[in-house]
Amino acid sequence: MPLTVMEAEAVQAELRQLLDLTGPGPRRPARVAGVDVAYDGDRLAAAVTVLDGTTLEVVEEVAVDGRASFGYVPGLLAFREVPSLLEALGRLSAPPDLVVCDGYGLAHPRRFGLACHLGVLTGLPTVGVGKTAFVGVHAEPAAERGSWTDLTLDGDVVGRVLRTRDGVKPVFVSVGHRVDLDTACHNVLNLTPRYRLPETTRTADRLSRRRLAENRRTGLVESAQHDETR
DNA sequence: GCGACAG
DNA sequence: ATCTTGTCGC
């Protein structure tokens, strides 16, 4: 029972009322999860990797197969990825203390991006880390790691453009659920000791792609999974 | 009205 | 997201 664009926007407005922006959120999370989805046509693999918040070692992984039941529509990305991500998160042995999402949170046309959506549905603290500009205006942050500038939309500060490596293109950080912007950026910097992107998104990205490749090679796919609605 | 537009 | 070769740099 696929949603239309109008219905999806109505759902966002409804879930938006459950969003908790009071923060502050965990500053020293013991377990931090990264989530990502890889695609092969309408087939997909959703992955969750949980890292030790101190050592950044991967302590748990879950990958699930699925199908994209909603096309990519800017502003409605969550409807494409959230279903599978919920399934993957649900299979963890224990919930993480923080979830780092690929994409935006509050920095969204209707202030309810993927990170907010996943946060409200799981009740977990979430932050969004985008790799490219989506909405809002901003100045270029200084070249040093840790420098940042406001990401503004309609006069509101909805996120930060944060430099995670000296002289390297910055990332776009916005809060999702139950975390404030300072805490979100603090965590993103802790998760980027060496590369531009947080270790959480790097490990989740690799896991989702690895899963797709295995499926492609094995040909088993999800025949033993949920069959289509017949 | 015409583009731009997270992943 | 994904399609794709070589190339620059640590």
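Throughout, protein chains are lettered first and strands after them, A, B, ... in sequence-line order, and every chain is numbered starting at 1. For the numbers below, each heavy atom of this structure counts, side chains included, while hydrogens, waters and symmetry mates do not.
Side-chain contact of A:N190 with A:H186: a donor-acceptor pair under 3.5 Å is present, judged by distance alone. Judged purely by distance below 3.5 Å, without hydrogens or angles, the side chains of A:R145 and A:T192 pair a donor atom with an acceptor atom. Side-chain polar atoms of A:R16 and A:H108 form no donor-acceptor pair below 3.5 angstrom.
Spacing between atom CZ of A:F70 and atom C1' of C:dA1 amounts to 16 Å, rounded to whole angstrom units. Between the CG atom of A:D166 and the P atom of C:dC10 there is a distance of 13 Å, given to the nearest Å.
Distance check: A:E57 CD to A:E199 CD gives 9.5 Å after rounding to the nearest 0.5 Å.
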Q | Base versus backbone protein contacts along nucleotides 1-7 of chain B [heavy-atom cut-off under 4.0 Å; B, S, -] | A | ----BBB
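A cation-pi arrangement, defined by a distance under 6.0 Å to the six-membered ring centre and an angle within 45 degrees of its axis, is present between A:R202 and A:Y195.
Residue A:R209 is classed as a sugar-phosphate contact, given heavy-atom separations below 4.0 Å to backbone atoms only.
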